Amino acid sequence: MIILRSLDEIPGESRGAVVSIGNFDGVHLGHVRLIQTLCRLAQRLGVWATVFSFDPHPAYLLNPEQAPTPLTDPERKARVFDLFGVDALIVYPTDWELLKMSAREFFDEILCRRLNARGIVEGGDFRFGHGRSGDMRLLMKWGAERSMIVETIEAVSVGGQLVSSSRIRRLIAEGDVRRANQMLWEPYRICGTVIRGAGRGADLGYPTANLGQVSTLIPGQGIYAGRAWVGEQVFPAAVSIGPNPTFGEDQIKIEVYLIGFEGDLYGRRIEVEFLDRLRGVVRFASVAELLQQMEQDVAATRRIVEEFVHDGARNDLYRSCR
């Protein structure tokens with residue numbers, strides 16, 4: 001897959017592609033259905049499958065105070081699209097010139113003149129153009145005038161609720177990563193750089209990696225079971241998000257105990273995956289009580305990770321794309 005950051009970079013062979021436009025934040029199951037449809041249509045027509053996304057999210061220009069914290073960093077999102085078979089990813093640098101385009105101008109200038117799109121695949125709630133004035137009804141009408149194939153995919157529901165990035169974002173902020181993961185194509189992850197902490201974890205026998213420079217949404221405070229990636233190696237990981245009230249610390253930190261890892265992680269980038277929330281952050285009466293609880297947290301993390309890895313009921317998409 002090629003990654004383009006300007007419409008002036010588009011190679012000739014990518015023109016006339018089938019296109020999907022959106023932010024694809026989190027890459028949830030609705031996005032998966034859309035991308036699968038995109039790639040199938042492109043294959044049937046013998047053209048490229050192209051995703052047109054934005055960086056930053058338009059909300060950062062239109063309403064920066066209420067702009068959503070992203071669920072997926074651009075690098076991770078690109079790797080996922082590549083796995084699904086997308087041929088080209090356009091990461092358009094969002095600017096006011098684009099945001100001021102009317103729906104008709106966006107259709108004529110971007111889809112027709114610049115991309116020469118052969119087809120477009122979107123969800124039923126797709127909106128485009130200034131003030132979100134364009135919808136699927138207009139897109140289908142204008143597409144028919146240009147012999148452009150326009151396909152609409154149905155929304156995906158899980159547990160009777162429509163899958164959406166906003167719903168997933170709310171669940172993660174509440175710490176309910178288990179329910180959020182049911183709507184995502186893979187368990188929720190964050191990526192950050194290991195920074196120096198107080199070193200207290202090592203003194204207690206549980207050396208933790210303190211994570212900083214995280215650009216995506218951090219789950220709500222609590223203790224979590226998950227996994228951590230160090231390069232190509234993966235380890236079960238017990239994760240603490242919040243302060244350390246037992247030692248009188250109020251600073252919110254992300255501390256990751258990689259079970260079975262030995263070595264120095266300072267300055268390295270690691271990915272942390274969240275499988276379930278074990279409990280809240282509490283103040284213990286003594287260090288001995290804290291250590292006893294940490295031992296239980298580590299045991300629970302081992303069990304949850306083992307069950308996840310060996311769970312034959314996990315969806316086929318996840319198993320086939322790992």
Side-chain angles (χ1 to χ4, degrees), residues 1-55 57-58 77-78 80-95 97-156 162-165 185:
M1 183 185 75
I2 64 171
I3 300 176
L4 307 171
R5 301 188 183 277
S6 169
L7 294 178
D8 296 328
E9 300 175 357
I10 298 176
E13 61 268 27
S14 68
R15 289 176 55 80
V18 178
V19 180
S20 285
I21 301 169
N23 292 297
F24 300 94
D25 196 17
V27 194
H28 57 57
L29 297 183
H31 297 143
V32 169
R33 175 176 289 180
L34 191 153
I35 296 301
Q36 288 177 324
T37 304
L38 170 79
C39 292
R40 282 197 296 265
L41 178 58
Q43 187 175 32
R44 177 162 61 86
L45 297 177
V47 298
W48 282 27
T50 296
V51 169
F52 187 105
S53 66
F54 307 91
D55 185 29
H57 191 294
K77 196 183 300 184
V80 173
F81 289 143
D82 193 26
L83 282 173
F84 283 121
V86 171
D87 298 297
L89 169 61
I90 299 172
V91 185
Y92 191 91
T94 313
D95 55 24
E97 182 179 357
L98 175 74
L99 296 179
K100 289 178 180 178
M101 282 186 178
S102 68
R104 185 76 219 199
E105 288 171 334
F106 184 89
F107 179 83
D108 289 340
E109 175 65 16
I110 303 298
L111 284 174
C112 296
R113 192 179 77 82
R114 305 302 295 271
L115 297 177
N116 191 29
R118 178 82 177 276
I120 182 167
V121 179
E122 297 295 343
D125 61 349
F126 177 64
R127 296 292 185 274
F128 63 102
H130 181 68
R132 295 168 53 86
S133 57
D135 57 16
M136 288 303 295
R137 180 186 62 82
L138 278 178
L139 188 59
M140 295 181 75
K141 177 178 181 294
W142 295 340
E145 294 170 357
R146 296 291 298 260
S147 300
M148 181 188 297
I149 299 173
V150 178
E151 289 198 9
T152 306
I153 66 157
E154 294 183 4
V156 175
L162 290 178
V163 173
S164 70
S165 296
W185 88 279

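Source: prediction; values computed, not measured.
The shortest distance between side-chain heavy atoms of M148 and C112 falls below 4.5 Å. Contact of the L41 side chain with the E151 side chain is registered, since non-hydrogen atoms from C-beta on lie closer than 4.5 Å. Proximity of I110 to L7: side-chain heavy atoms (C-beta onward) are separated by under 4.5 Å at one or more points. For the pair R40 and T37, the minimum side-chain heavy-atom distance is below 4.5 Å. In this structure, the side chains of W185 and I35 stay at 4.5 Å or more apart for every pair of heavy atoms. Contact annotation: the side chain of V86 never approaches that of V80 to less than 4.5 Å [non-hydrogen atoms, C-beta and beyond].
When the shell of 6.0 Å around CD of E145 is examined, it contains more than 12 heavy atoms from other residues, nucleotides or ligands. The number of heavy-atom neighbours closer than 6.0 Å to CE of M101, taken from other residues, nucleotides and ligands shown, is above 12.
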Begin with the C-alpha distance, continue with both residues' side-chain angles, and end with the deciding distance and a verdict on side chain to side chain contact (heavy atoms under 4.5 Å, CB included) for L98 and Y92.
CA-CA 9 Å; L98 175 74; Y92 191 91; 3.6 Å; yes
Go through the steps for H57 and T94 under the test side chain to side chain contact (heavy atoms under 4.5 Å, CB included), then give the verdict.
CA-CA 7 Å; H57 191 294; T94 313; over 6 Å; no
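For the atom pair CD1 (I120) and CE (M136), the distance works out to 7.0 Å, reported to the nearest 0.5 Å. Between the CG atom of L111 and the CG atom of L139 there is a distance of 7.0 Å, given to the nearest 0.5 Å. Atom OG of S6 and atom CZ of R114 lie 7.0 Å apart (nearest 0.5 Å). Rounding to the nearest 0.5 angstrom, the gap separating the CD1 atom in I153 from the CD atom in Q36 is 9.5 Å. For the atom pair I3 CD1 and I90 CD1, the distance stands at 11.5 Å (nearest 0.5 Å). Expressed to the nearest 0.5 Å, how far CD1 of I10 lies from CG of L4 amounts to 6.5 Å.
Shown here for V156 and G30, the closest heavy-atom pair between the two residues is CG2-CA, 3.8 Å. Closest of all the heavy-atom pairs between L34 and G123 is CD1-N, 3.8 Å. Across all their heavy atoms, R113 and E109 have their closest contact at NH2-OE2, 2.7 Å.
The aromatic rings of F52 and F54 stand perpendicular to each other, their planes meeting at an angle above 60°, with 30° marking the opposite boundary. Using cut-offs of 30° and 60° on the angle between ring planes, the pair F81 and F24 is perpendicular.
The closest donor-acceptor contact from the side chain of H130 to the backbone of L99 lies under 3.5 Å. Under the 3.5 Å distance criterion, the side-chain polar atoms of T152 are left unmatched by any main-chain donor or acceptor of G124.
Checked options D82, L83, D87; the residue passing with M1 is D82 (criterion: side chain to side chain contact (heavy atoms under 4.5 Å, CB included)).
Within the structure, salt bridge (charged side-chain N to carboxylate O under 4.0 Å, His left out) pairs that include any residue of residues 118-136 do not occur (at least two apart or interchain). Pairs passing the side-chain hydrogen bond (donor to acceptor under 3.5 Å, both in side chains) check and including a residue from residues 97-108, sequence neighbours excluded, read S102-E105, R104-D108.
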Without placing hydrogens or testing angles, list every side-chain donor-acceptor pair under 3.5 Å for residues 42-51, not counting sequence neighbours.
none

